[in-house]
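Notes to accompany the following structure.
All values below come from the heavy atoms of this structure, side chains included, with hydrogens, waters and symmetry mates left out.
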Amino acid sequence: MCIRTTGLTGLFLLFTTLATPATAGTWKHENGTPTLDKVPERIVALNWAATEALLLLSVTPVGVADLAGYSHWVREPALPESGVRNVGTRVAPSLEAIAELKPDLIVTSAEMAPAADLLERLAPTYVVSVYKEGSQPYTKARDMLITLGEMLGREAQAKAVVEDVEQTLANQRERLAEAGITEQPVALVNFLDARHARIYAPNGLYQTALRALGLTNAWPHPGNFWGFSVVGLEAIAPFPEARLVVISPTPPGLADTLADSPFWTYLPAVQRDQVYQVEATWPFGGIYPVKRLATQITDSLLAGGSDNVQ
């Protein structure tokens with residue numbers, strides 16, 4: 001029997017009791033060694049992986065880049081409906097908007113390297129890139145969470161989050177193993193249109209979910225540093241044993257278009273009713289999407305597939 005995992009609400013209540021005061025310290029990061037003389041209270045996050053990490057630590061940032069986009073694409077952990085300021089886009093944040101918030105910590109990534117000196121003038125800046133060439137996204141995201149936990153005096157919370165994610169992965173693996181459905185490989189795809197898809201590669205964040213579930217990624221080729229490749233549907237045909245896990249959303253009318261496609265209906269996975277669909281999960285985040293995706297894949301595989309997308 002599976003152990004029930006702690007939900008976000010329960011974790012947040014636990015975190016409140018575990019929070020401990022932090023002392024001043026210096027932390028090494030990609031651009032140097034920021035020193036904090038007190039626990040940061042006003043934090044600005046310039047990418048969504050950092051936003052996610054702060055929320056998992058029960059810390060609400062005062063400013064977030066692409067605020068509306070986070071609520072639309074990432075969703076969980078959720079941002080409060082009010083009290084958080086948008087500070088521009090992730091690729092071009094507004095220095096003026098950040099300065100107005102008077103932050104005592106800015107969390108960003110190497111994409112903001114040209115603005116690093118300007119950000120440092122506003123507040124101590126912690127630079128960590130979950131996604132870059134040669135990185136292991138899950139490991140980098142986990143390390144970022146642990147480091148932020150140290151900076152914010154929430155080491156216990158950070159460890160509890162990691163343990164919760166890893167326990168959930170173990171539970172889902174056990175469910176699949178008990179059902180005896182781990183041997184057949186899986187291809188994870190997002191449809192862009194009726195002929196093209198984003199397929200998730202072994203070097204991406206989603207690979208952690210597949211590996212933890214005991215599943216083989218049917219797509220053997222490395223992708224870009226975000227962990228995916230854009231391919232035509234014909235690229236999937238050489239992997240006849242693959243089950244297709246389709247990540248929502250799908251383009252409007254796609255199901256009807258594919259149903260009339262001789263190529264689509266010829267694919268072995270389609271003929272075997274092994275097309276599975278899961279809800280949207282942000283593929284470029286931190287560690288929480290791995291937990292969410294793993295649970296959804298497990299539920300979908302156990303529920304059974306169909307011959308088309310939804």
Test log, rule side chain to side chain contact (heavy atoms under 4.5 Å, CB included), inputs Y126 and L148: CA-CA 9 Å; Y126 172 48; L148 286 173; 3.9 Å; yes
Testing the 3.5 Å rule here: is there a donor-acceptor pair between the side chains of [X] and [Y]?
X    : Y    : answer
Q167 : N171 : yes
Q296 : T281 : yes
S248 : Q277 : yes

Heavy-atom closest contact ([X] atom, [Y] atom, distance):
X    : Y    : value
D164 : K291 : OD2-NZ, 2.6 Å
P238 : E234 : CD-O, 3.4 Å
P249 : A280 : CD-CB, 4.2 Å
V130 : A49  : CG2-CB, 4.2 Å
A201 : G223 : CB-N, 3.3 Å
L56  : V161 : O-CG2, 3.5 Å

Verdict with supporting geometry, V165 and R142, side chain to side chain contact (heavy atoms under 4.5 Å, CB included): CA-CA 10 Å; V165 170; R142 183 188 60 201; over 6 Å; no
Measure the shortest side-chain to side-chain distance between [X] and [Y] over non-hydrogen atoms and say whether it is less than 4.5 angstrom.
X    : Y    : value
P40  : L152 : yes
L55  : L79  : yes
S300 : V245 : no
S229 : H221 : no
L188 : N217 : no

T208: side chain to side chain contact (heavy atoms under 4.5 Å, CB included) partners, not counting sequence neighbours: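 Counting only residues at least two positions away or on another chain, T208 forms a side chain to side chain contact (heavy atoms under 4.5 Å, CB included) with Y138, R211, V290.
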For [Y], does its backbone N or O pair with a side-chain atom of [X] as donor and acceptor, under 3.5 Å?
X    : Y    : answer
D104 : R42  : yes
Q274 : A242 : no
R173 : A212 : yes
N203 : P222 : no

Using a 6.0 Å cut-off, check whether atom [atom1] of [X] has over 12 heavy atoms from anything other than its own residue.
X    : atom1 : answer
W226 : CH2   : yes
R272 : CZ    : yes
Q271 : CD    : yes

Atom pair [atom1] ([X]) and [atom2] ([Y]), whose distance is rounded to the nearest 0.5 Å:
X    : Y    : atom1 : atom2 : value
Y288 : E76  : OH    : CD    : 4.0 Å
T108 : L46  : OG1   : CG    : 4.5 Å
W73  : W282 : CH2   : CH2   : 7.0 Å
L215 : L176 : CG    : CG    : 5.5 Å
Q172 : I297 : CD    : CD1   : 10.0 Å
E52  : I287 : CD    : CD1   : 7.0 Å

Residue among I43, V64, V84, V44 satisfying side-chain contact (heavy atoms from CB on, under 4.5 Å) with T51: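 Among the candidates, only V64 passes.
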Residues Y200, N190; criterion side chain to side chain contact (heavy atoms under 4.5 Å, CB included); working and verdict: CA-CA 8 Å; Y200 290 93; N190 272 135; 2.5 Å; yes
Single-linkage hydrophobic cluster V91~L95, side-chain heavy atoms < 4.5 angstrom: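 Different hydrophobic clusters.
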Pairs meeting criterion ring pair (Phe, Tyr, Trp, His ring centres under 6.0 Å) with involvement of residues 148-186, two or more places apart: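 Matches after skipping sequence neighbours: none remain.
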Ring geometry between W48 and Y70 (parallel below 30°, tilted from 30 to 60°, perpendicular above 60°):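 Y70 vs W48 ring planes: perpendicular.
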Step-by-step side chain to side chain contact (heavy atoms under 4.5 Å, CB included) determination, L213 to V186: CA-CA 11 Å; L213 292 175; V186 166; over 6 Å; no
Hydrophobic cluster (4.5 angstrom, side-chain heavy atoms) - remaining members for L254: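 Members other than L254 - counting any ILVMFWY side chain reachable under 4.5 Å - are V189, F191, I199, W219, V231, L233, I236, F239, L244, V246, L258, F263, W264, L267, V270, V275, V309.
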